[in-house]
Amino acid sequence: MPLSDVAIRTAKPASGIVKLSDGGGLQLWIKPNGSKLWRVAYRFDGKQRLLALGSYPAVSLATARDKRDAARSLLARGIDPMDQKRRDQ
């Protein structure tokens with residue numbers, strides 16, 4: 001089930017990292033200190049990778065979904081999104 005902005009705002013931290021999934025590899029990590037971070041989990045070249053997208057609320061749910069879709073389009077063309085992000089910086 002996709003995340004909603006209300007669910008994200010009301011999510012509480014726990015003693016460990018809480019992971020809320022939006023689908024398509026997009027995850028919101030809630031750390032014990034209360035910070036909320038966007039991550040995209042994907043596979044490239046047979047390996048599990050994790051791409052950081054930013055923190056919530058600086059990166060909104062809609063923006064995180066757009067970034068996830070951009071990463072998936074890079075994967076479809078055979079480009080590692082993490083390598084592309086490093087080249088862009």
Side-chain angles (χ1 to χ4, degrees):
M1 182 171 165
L3 289 174
S4 68
D5 195 52
V6 173
I8 294 168
R9 279 187 275 129
T10 59
K12 303 292 182 203
S15 60
I17 295 176
V18 176
K19 297 177 187 176
L20 302 177
S21 180
D22 186 58
L26 182 63
Q27 302 170 347
L28 180 70
W29 288 21
I30 305 171
K31 292 190 164 192
N33 65 3
S35 64
K36 298 175 181 179
L37 308 169
W38 291 111
R39 302 280 189 255
V40 174
Y42 65 96
R43 285 194 161 280
F44 185 78
D45 217 12
K47 297 178 184 172
Q48 180 75 28
R49 307 291 305 263
L50 196 63
L51 177 66
L53 301 180
S55 62
Y56 178 87
V59 176
S60 68
L61 176 59
T63 304
R65 286 176 175 162
D66 291 341
K67 289 183 176 186
R68 174 203 55 201
D69 293 342
R72 291 177 66 83
S73 70
L74 287 173
L75 284 170
R77 295 189 317 221
I79 300 170
D80 185 359
M82 192 174 300
D83 289 342
Q84 184 65 40
K85 182 179 175 182
R86 287 182 185 140
R87 276 180 272 184
D88 292 343
Q89 290 177 347

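Counting from 1, the numbers follow the sequence of the chain as shown.
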Q: Give a yes or no on whether a salt bridge exists between D69 and R72, defined as a side-chain N under 4.0 angstrom from a carboxylate O.
A: no
Q: Report the C-alpha distance between K31 and L37 in whole Å, list the side-chain angles of each, state the deciding distance to 0.1 Å, and finish with yes or no for side chain to side chain contact (heavy atoms under 4.5 Å, CB included).
A: CA-CA 8 Å; K31 292 190 164 192; L37 308 169; 3.6 Å; yes
Q. Can you find a pair of side-chain heavy atoms, one from D80 and one from D45, that are under 4.5 Å apart?
A. no
Q. Can you tell me how far the CD1 atom of I17 sits from the CZ atom of R39, to the nearest 0.5 Å?
A. 8.5 Å
**Q.** For L26 against W38, the heavy-atom pair lying closest together
**A.** CD1-CE3, 3.8 Å
Q: Determine whether R9 and Y56 make a side-chain contact, defined as any pair of heavy atoms from C-beta on separated by less than 4.5 Å.
A: yes
Q: Using atom types as modelled and distance alone, determine if a side-chain donor or acceptor of K85 lies under 3.5 Å from a backbone N or O of A52.
A: yes
**Q.** Side chains of L75 and R49 in contact at under 4.5 Å (non-hydrogen atoms)
**A.** no
(Q) I'd like to know if the side chain of R68 reaches the main chain of G23, judged simply by a donor and an acceptor atom lying under 3.5 Å from each other, with no hydrogens or angles considered. (A) yes
Q: For residues L61 and L3, report the shortest heavy-atom separation together with the two atoms involved.
A: CD2-O, 3.6 Å
Q) Side chain of T63, backbone of V59: donor and acceptor closer than 3.5 Å? A) no
Q. Do P13 and N33 have side-chain heavy atoms sitting under 4.5 Å apart?
A. no
Q. How many angstroms lie between atom CG of D66 and atom OG of S60, to the nearest 0.5 angstrom?
A. 8.0 Å
(Q) Could you report the tightest heavy-atom contact between Q27 and A41, atom names first, then the distance? (A) NE2-CB, 4.1 Å
Q | Residue pair L53 / L51, side-chain heavy-atom distance below 4.5 Å | A | yes
Q.
Let me check something: do V18 and V40 share a hydrophobic cluster, defined by ILVMFWY side-chain heavy atoms less than 4.5 Å apart, either directly or through other members?
A. yes
Q: Mind running side chain to side chain contact (heavy atoms under 4.5 Å, CB included) on L50 and W29 for me, showing each step along the way?
A: CA-CA 12 Å; L50 196 63; W29 288 21; 3.4 Å; yes
